[in-house]
Protein chains: 2
Amino acid sequence: MGPRGTPPGEAMNDNRPAGYDPYAFEPFAVTVDLAVFTVRESRLHVLLVERGQEPYRGAWALPGGFLLPRESAESAARRELAEETGLTEQTAADLHLEQLRTYSDPDRDPRMRVVSVAYTALVPDLPEPRGGGDAARARWTPLASAARLAFDHDTILADAHSRIGAKLEYTCLATAFCPREFTLGELQQVYETVWGVELDRPNFRRKVLATPGFVEAVEGEPRRTGGRGKPAALYRAGVASALHPPLLRPEGRQQT
Amino acid sequence: MGPRGTPPGEAMNDNRPAGYDPYAFEPFAVTVDLAVFTVRESRLHVLLVERGQEPYRGAWALPGGFLLPRESAESAARRELAEETGLTEQTAADLHLEQLRTYSDPDRDPRMRVVSVAYTALVPDLPEPRGGGDAARARWTPLASAARLAFDHDTILADAHSRIGAKLEYTCLATAFCPREFTLGELQQVYETVWGVELDRPNFRRKVLATPGFVEAVEGEPRRTGGRGKPAALYRAGVASALHPPLLRPEGRQQT
DNA sequence: TCAAAAGTGTTATGAGTACACCCATGC
DNA sequence: GCATGGGTGTACTCATAACACTTTTGA
């Protein structure tokens, strides 16, 4: 059958181009890339690191790195995320991490063949990252200012942005952007920021509360002020993960 | 910055575990796996191949194979698909292929480290495949009978099934299961088969026709009979790719 | 003439929208 | 008091669900 049946070093089979031998070529390297988003001051931000080496020295890039020999891509992503953001391993282990897709263009890295598995993470507003070792800087960058990244990271970032926008429609993911306890106003801000639209507050409220398991009210009287105005009730993320029916963004509905 | 800045053979940086050198370990192999679906006799079928070598000799598996040195994962997937199904390269090039996700568990292949990029393809009912070389057999298998596949292919197949089910809700993908010209009854069959539910014909019909660009009527009087009953009008896939608003499966709506 | 599949019509329900209005707090 | 955000009420619109009914073919 297929080439999978013939690992490098074993006999050829005729389903493989004549003369193909994995050891005759440079090995593939496998990396992970992370598009980590947060909402800050009503703008979507992404975590970027500055490259300290060629190629793309001095350019900004998505954090990421090589898989260790006995590590899955998701473990590698969590490890890199912890390293780059200064999060504890525990916090990183609990984070919502989602595989975006894999980028495998043969020329995506000018030096060698690198296949990269991209992940998306959504985090609440975190302290400024402490940059990895090796003279690297890391920082939160408004998405609007994140352009001309190294490698194909502009593409990955665009894919990630579009994916999370879509995900907000039919999952409860938006709560991942919020701290453990949050107000419905903050949750609405997440949607408005990611989608770049304004939503009707009364309707948003009803929609969220009508979806069982989306949010759960925090007991007692605890309320929090967002500055001025009436203090808002606090909620925590609920147990549901999917939104049925979905919460479609306004643009997604205007044909008919 | 991150390890990506240090390809194998260059200097270490302290963001990488001490002593790590990609050449000191077995190289990663990168493969593609394909979950190719079709609808046959009102049942969802998947294309499987029989393994001719250890491990899992004699077991059924998803078709797939190694990436060539200068080939993207998607190109590899199209190439493998053409090889396994006997499709022409041209047909394979036009097919709807979608990246599912990447599987990277260190132990997913007992012999070596293999990272596999899985793809999903939807095809109309095709002739029986002609199996690849090397004594392999290939055949369409009802999804219900496809179990205990080699490697982690049970997992991949389950993920693929659940993904296409979800995709039918908010994309026009169902037409990929149909021949170039099809009736609305056939299109409805696709939904009913993939979702495993019955839909109301009048409502389905209205919904499809009300979505601009989903299908376009074939001009003139051409009608086709599906055996007995009134001949149905023929349609072709339209230009739209997304469904707004989505066509939710019944189960996805029964909470409130 | 009957079964089977295509196609049309109609009504009730419920989700989504838009917008008016009241409440609580800081300045 | 007034600006600011939280929270409630309501009426209109439109998509969907459910189901009755007609049409056109093969046997």
Side-chain angles (χ1 to χ4, degrees), chain A residues 41-42 168-170 178 181-193 195 197-212 214-215 217-218 221-235 242-256, chain B residues 41-42 168-170 178 181-193 195 197-212 214-215 217-218 221-235 242-256:
Chain A
E41 297 152 12
S42 298
L168 289 197
E169 291 193 333
Y170 54 94
C178 299
E181 300 193 337
F182 53 87
T183 68
L184 294 185
E186 292 166 346
L187 187 62
Q188 184 175 344
Q189 274 276 337
V190 168
Y191 278 90
E192 294 183 331
T193 301
W195 288 347
V197 298
E198 293 215 332
L199 301 176
D200 181 83
R201 185 163 36 79
N203 293 335
F204 177 82
R205 188 183 177 71
R206 259 187 300 267
K207 174 74 183 175
V208 170
L209 295 178
T211 303
F214 192 176
V215 299
V218 171
E221 279 273 4
R223 307 177 149 254
R224 187 170 65 180
T225 170
R228 52 212 168 289
K230 181 177 177 178
L234 288 177
Y235 295 85
L243 268 183
H244 275 296
L247 179 43
L248 300 177
R249 52 192 133 180
E251 281 73 355
R253 213 181 307 95
Q254 91 297 35
Q255 105 296 129
T256 286
Chain B
E41 298 151 12
S42 299
L168 289 197
E169 292 194 331
Y170 54 95
C178 299
E181 299 194 337
F182 52 88
T183 68
L184 294 185
E186 292 167 345
L187 187 63
Q188 183 175 345
Q189 274 275 338
V190 169
Y191 278 91
E192 293 182 333
T193 301
W195 288 346
V197 298
E198 293 214 331
L199 300 176
D200 181 83
R201 185 165 36 79
N203 293 334
F204 177 82
R205 190 184 174 70
R206 259 187 300 267
K207 174 74 182 175
V208 169
L209 295 178
T211 303
F214 192 175
V215 298
V218 171
E221 279 273 4
R223 309 177 145 250
R224 187 170 68 181
T225 170
R228 54 210 165 291
K230 181 178 179 176
L234 287 177
Y235 295 85
L243 269 183
H244 275 298
L247 179 44
L248 299 177
R249 52 192 134 182
E251 281 72 357
R253 214 181 306 94
Q254 93 295 40
Q255 103 299 126
T256 287

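Since the model is a prediction, treat every value here as computed from it, not as a measurement.
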Enumerate all atom pairs, one protein N or O and one N or O from nucleotides 2-4 of chain D, separated by less than 3.5 Å.
none

Tell me: [atom1] of [X] to [atom2] of [N], nearest whole Å?
X	N	atom1	atom2	answer
A:Leu243	C:dG16	CG	P	10 Å
A:Tyr170	C:dA15	OH	P	22 Å
B:Leu184	D:dT23	CG	P	20 Å
B:Glu186	C:dA4	CD	C1'	16 Å
A:Leu199	C:dG16	CG	P	13 Å
A:Arg205	C:dC21	CZ	C1'	15 Å
B:Phe204	C:dT8	CZ	C1'	17 Å
B:Glu198	D:dC19	CD	C1'	15 Å

Q. Could you state the interatomic distance from NZ (A:Lys207) to OH (A:Tyr191), rounded to the nearest 0.5 Å?
A. 9.5 Å

Q. Roughly how far, to the nearest 0.5 Å, is the CZ atom of A:Phe182 from the CG atom of A:Leu234?
A.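 The CZ atom of A:Phe182 is 9.0 Å from CG of A:Leu234, to the nearest 0.5 Å.
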
Q.
Are B:Leu168 and B:Leu247 packed together at the side-chain level, in the sense that at least one heavy-atom pair is separated by less than 4.5 angstrom?
A. no

Q: Please confirm whether the backbone N or O of A:Leu184 pairs with a side-chain atom of A:Tyr235, one donor and one acceptor, at under 3.5 Å?
A: no

Q) Does A:Thr183 reach the main-chain N or O of A:Glu186 with its side chain, forming a donor-acceptor pair under 3.5 Å? A)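 Yes, because the side chain of A:Thr183 sits within donor-acceptor range (under 3.5 Å) of the backbone of A:Glu186.
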
Q: Not counting sequence neighbours, which residues clear side chain to side chain contact (heavy atoms under 4.5 Å, CB included) with B:Gln188? List them please.
A: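 Only B:Glu192, B:Leu199, B:Arg201, B:Phe204 meet the side chain to side chain contact (heavy atoms under 4.5 Å, CB included) criterion with B:Gln188.
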
Measure all distances between protein nitrogen or oxygen atoms and nitrogen or oxygen atoms of nucleotides 18-20 of chain C, and list the pairs falling under 3.5 Å.
| residue | atom | partner | partner atom | Å |
| --- | --- | --- | --- | --- |
| C:dA18 | N7 | A:Asn203 | ND2 | 2.8 |
| C:dA18 | N6 | A:Asn203 | OD1 | 3.1 |
| C:dA18 | N6 | A:Arg206 | NH2 | 3.1 |

Q) A:Leu248 and A:Trp195: which non-hydrogen atoms are nearest, and at how many Å? A) C-CH2, 4.1 Å

Q) Has the side chain of A:Arg201 got a donor or acceptor that lies under 3.5 Å from a partner of the other kind on the base of D:dG5? A) no

Q | A:Tyr235 or B:Lys207, whichever maps to the more 5' nucleotide of DNA chain D | A | A:Tyr235

